[in-house]
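Here the structure is a predicted model, which means the values were calculated and not measured.
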Amino acid sequence: MLPEKPVTTKPKAVGSGKPAQGQCLCGSVCFEIDTPARWAWHDHSAASRRAHGAAYATYVGSWRKRFRITKGKTEIARFEDKARKQCGAFVRDAAPRCFMSARVRRTW
């Protein structure tokens, strides 16, 4: 009789070890997330086209524990909309940079 092979579990996906970095347009706030991102999508809506002045805007989601502000934390102003149960953050130019929903508490 042949020896039984040990049961192996499929390893979880892990990051590449190199974080993805970003910043606001003026460079006063910098951030990074561990890769891979939780989700990403391209928004082609009219509102996004007007707000960004481009054909689409790309949004990336990350778990909050994998998101870090690396520069300019004091430049960020937060807001909260209790009726919609969400909050966000703005930089000097008043453009939304970060968004967090109460429905998805572990993401930033």
Side-chain angles (χ1 to χ4, degrees):
M1 188 172 213
L2 297 173
E4 290 185 29
K5 290 184 179 180
V7 177
T8 58
T9 58
K10 187 176 179 180
K12 291 183 178 182
V14 294
S16 64
K18 183 176 181 185
Q21 300 174 342
Q23 67 181 37
C24 66
L25 290 174
C26 69
S28 63
V29 175
C30 299
F31 56 89
E32 66 184 19
I33 66 167
D34 295 333
T35 57
R38 177 79 176 131
W39 51 260
W41 93 86
H42 299 298
D43 182 357
H44 297 268
S45 71
S48 272
R49 291 195 307 268
R50 279 191 300 275
H52 293 272
Y56 62 90
T58 301
Y59 297 94
V60 177
S62 172
W63 295 115
R64 195 178 336 175
K65 67 183 178 182
R66 298 177 69 180
F67 176 87
R68 294 171 296 285
I69 301 292
T70 58
K71 175 185 168 191
K73 193 176 261 189
T74 59
E75 300 290 326
I76 299 172
R78 299 179 67 92
F79 76 92
E80 185 173 354
D81 182 346
K82 292 183 180 181
R84 293 174 61 191
K85 295 184 180 177
Q86 59 191 13
C87 64
F90 295 91
V91 188
R92 284 184 239 172
D93 57 8
R97 298 293 178 235
C98 300
F99 167 82
M100 182 172 56
S101 170
R103 292 176 296 190
V104 188
R105 292 209 177 269
R106 290 179 291 182
T107 62
W108 172 237

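Not counting sequence neighbours, T70 has no partner by the side chain to side chain donor-acceptor pair (under 3.5 Å) test. In this view, T74 satisfies the side chain to side chain contact (heavy atoms under 4.5 Å, CB included) rule with no residue, not counting sequence neighbours.
Below 30°, between 30° and 60°, or above 60°: for H42 and Y56 the angle between ring planes is above 60°, a perpendicular geometry.
Taking every heavy atom of both residues into account, F31 and Q23 meet most closely at CE2-N, 3.6 Å. Heavy-atom minimum distance, T35 versus P19: CG2-C, 4.5 Å.
Pairs of residues two or more places apart, or lying in two chains, that qualify as salt bridge (charged side-chain N to carboxylate O under 4.0 Å, His left out) and include a residue from residues 20-32 are E32-R68.
Taking NZ of K71 as the start and SG of C24 as the end, the distance is 8.0 Å to the nearest 0.5 Å.
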